[in-house]
Amino acid sequence: MTEPTPETDVPADETPAVCDRCGQPFADETHLALHRGLDHGDALSEAERAAYETALEEEVAALRRFRLLALAALVAIYFGFLMTYAVVT
């Protein structure tokens, strides 16, 4: 059984970046580089591997920033409720 190809939403006014190995379209070159590294990692050229590693580092940094911002928001909400509770009771 083969895995189904996930749907990719590329805006109509943009030209998609298409994987030359499987034909899957992507909205930009960063997503294409991540796809190549994850799905076709054993057949990458040096330039493709460097693009994958750069895209992966950027993705990890963005996720780390999101997690820190989410934690900060949760802490702020917690202390907001705590202060509200302290004032009301």
Side-chain angles (χ1 to χ4, degrees):
M1 180 185 272
T2 61
E3 288 186 29
T5 303
E7 292 185 25
T8 305
D9 187 25
V10 179
D13 60 339
E14 291 187 16
T15 304
V18 179
C19 179
D20 56 347
R21 291 174 180 86
C22 65
Q24 188 172 352
F26 294 92
D28 59 27
E29 291 294 325
T30 302
H31 291 117
L32 177 59
L34 287 170
H35 163 75
R36 283 180 180 155
L38 294 173
D39 290 350
H40 310 294
D42 54 344
L44 293 180
S45 68
E46 289 299 318
E48 290 172 336
R49 179 152 316 275
Y52 166 68
E53 290 173 358
T54 301
L56 184 62
E57 288 172 4
E58 291 172 0
E59 185 80 8
V60 167
L63 285 172
R64 184 176 296 125
R65 183 176 186 276
F66 170 77
R67 289 177 183 149
L68 286 173
L69 290 174
L71 177 63
L74 288 174
V75 168
I77 290 169
Y78 172 77
F79 280 107
F81 280 127
L82 183 66
M83 292 300 127
T84 302
Y85 178 76
V87 170
V88 172
T89 56

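Of the options Glu48, Glu53, Glu29, a salt bridge (Lys or Arg N to Asp or Glu O under 4.0 Å) to Arg36 is made by Glu48 and by none of the others.
Looking at every heavy atom in both residues, Tyr52 comes nearest to Leu38 through OH-CD2, 3.6 Å. Nearest heavy atoms, Pro25 versus Pro16: CB-CB, 3.9 Å. The nearest pair of heavy atoms linking Gly41 to Arg49 is O-NH2, 2.6 Å. Listed here is the closest heavy atom pair of Leu32 and Ala17: CD2-CB, 3.9 Å. When all heavy atoms are compared, the tightest approach of His35 to Cys22 is NE2-SG, 3.3 Å.
Distance CG/Asp39 to CZ/Arg21: 10.5 Å, rounded to 0.5 Å. The CG atom of Leu68 sits 11.0 Å away from atom CG of Leu63, with the distance rounded to the nearest 0.5 Å. Annotation: the span from Glu58 atom CD to Leu34 atom CG amounts to 8.5 Å, rounded to 0.5 Å. With rounding to the nearest 0.5 Å, the separation of CG in Asp42 from CG in Leu44 is 7.5 Å.
Under a hydrophobic clustering in which Ile, Leu, Val, Met, Phe, Trp and Tyr are joined whenever their side-chain heavy atoms come within less than 4.5 Å, directly or via other members, Phe81 and Leu71 fall into different clusters. No continuous path of hydrophobic side-chain contacts links Tyr78 to Tyr85 [ILVMFWY only; heavy atoms under 4.5 Å].
Around NE2 of His31, the count of heavy atoms belonging to other residues, nucleotides or ligands within 6.0 Å does not exceed 12.
With a 4.5 Å cut-off on side-chain heavy atoms, Phe26 and Val18 do not count as touching.
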